[in-house]
Amino acid sequence: MIKKGNGFITGIEFMDQQHSFFVAAMNRLLEAMKNGEGKEEIRKTMRFVELHILKYLPREEEFMRENNYHDMEFHIIQHKKFKADFEEIKDIYFSKGYSVSLPLTLQRKMQDWLAHHISKTDSILGDYINSVHKAGGGTAG
């Protein structure tokens with residue numbers, strides 16, 4: 001079980017809220033897998049991730065544009081990679097159906113996203129935005 005901690009806090013309200021939802025969805029999937037209920041939970045988790053990609057990531061990208069974020073291109077490349085990885089998982093699910101390994105694959109992808117993008121790349125974005133905001137420019141979300 002992953003607990004929301006300082007590693008996931010950016011200081012940007014809408015990002016922190018979405019990260020909290022992401023951690024909660026990942027934990028629900030992990031708990032369901034432990035209880036032998038991965039088959040029931042995977043559809044909900046996949047829907048959450050799909051909405052995260054379709055609604056939240058574009059909002060984050062627009063926020064970076066509005067704040068002239070210097071490393072936006074790298075950040076967006078990571079978003080596209082996550083989306084492509086998720087599409088692969090989704091394609092497997094819809095073409096081959098459920099397998100016991102599928103919830104684990106999705107959970108690992110989410111955990112990797114949390115560890116490498118949210119806790120690192122998003123934290124760097126948050127640090128940048130917060131320093132610009134303190135200096136009197138930009139919008140802090």
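Below, each value reflects all heavy atoms present in this structure, side chains not excepted, and no hydrogens, waters or symmetry copies.
Counting non-hydrogen atoms of other residues, nucleotides and ligands closer than 6.0 Å to CD of E62 gives a total above 12.
Looking at H75, its side chain never comes within 3.5 Å of a backbone N or O of D71 through a donor-acceptor pair. Proximity of a side-chain donor or acceptor of S123 to a complementary backbone N or O of T10 within less than 3.5 Å is not detected.
Scanning all heavy atoms of the two residues, the minimum distance from Q78 to H117 falls at OE1-ND1, 2.5 Å. In plain terms, the two heavy atoms of L29 and P103 that are nearest each other are CD2-O, 3.6 Å. Looking at every heavy atom in both residues, L106 comes nearest to I89 through CA-CD1, 4.0 Å.
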Q: Could you walk me through whether T105 and R108 pass the side chain to side chain contact (heavy atoms under 4.5 Å, CB included) test, one step at a time?
A: CA-CA 5 Å; T105 301; R108 284 183 177 163; 6.0 Å; no
Q: Please lay out, stage by stage, how M110 and T45 fare under the test side chain to side chain contact (heavy atoms under 4.5 Å, CB included).
A: CA-CA 10 Å; M110 291 175 77; T45 307; 3.5 Å; yes
Q. Would D122 and E60 count as a side chain to side chain contact (heavy atoms under 4.5 Å, CB included) if you check the C-alpha gap in whole Å, the side-chain angles of each, and the deciding distance to 0.1 Å?
A. CA-CA 10 Å; D122 281 349; E60 186 177 296; 3.1 Å; yes
Q) What's the verdict on side chain to side chain contact (heavy atoms under 4.5 Å, CB included) for M33 and E41, showing C-alpha distance, side-chain angles and the deciding distance? A) CA-CA 8 Å; M33 289 168 24; E41 190 64 33; over 6 Å; no
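When ring centroids are compared, Y69 and F63 stay outside the 6.0 Å threshold.
Here the OG atom belonging to S101 is positioned 8.0 Å from the CD1 atom belonging to I92, to the nearest 0.5 angstrom. Summarising the geometry, atom CG belonging to N68 is positioned 11.5 Å from atom NE2 belonging to H70; distances are rounded to the nearest 0.5 Å. R59 contributes atom CZ, which lies 11.5 Å from atom NZ of K55 (distance to the nearest 0.5 angstrom). Here the CD1 atom belonging to I118 is positioned 11.0 Å from the CD1 atom belonging to I9, to the nearest 0.5 angstrom. The CZ atom of F22 lies 10.0 Å from the CD atom of Q111; values are rounded to the nearest 0.5 Å. The line from CG of N35 to CD of E31 is 5.0 Å long, rounded to the nearest 0.5 Å.
Between E13 and D16 the shortest side-chain heavy-atom distance does not fall below 4.5 Å. Under the 4.5 Å side-chain criterion, counting only non-hydrogen atoms from C-beta, M15 is in contact with Y56. Side-chain contact between M72 and E61 is absent, with no heavy atoms from C-beta onward closer than 4.5 Å.
In this structure, L51 is not a member of the same hydrophobic cluster as L57, with clusters built from ILVMFWY side-chain heavy atoms closer than 4.5 Å. When the side chains of ILVMFWY residues are joined at heavy-atom separations under 4.5 Å, either directly or via intervening members, Y128 and F74 end up in two distinct hydrophobic clusters. Hydrophobic clustering places F14 together with I76 (ILVMFWY residues linked when any side-chain heavy atoms are closer than 4.5 Å, directly or through intermediates).
Remark: E88 pairs with no residue by the salt bridge (charged side-chain N to carboxylate O under 4.0 Å, His left out) rule, at least two apart or across chains.
A ring-ring contact (aromatic ring centres under 6.0 Å, His included) check over residues 81-108, counting only residues at least two apart or in different chains, returns the pairs F82-W113.
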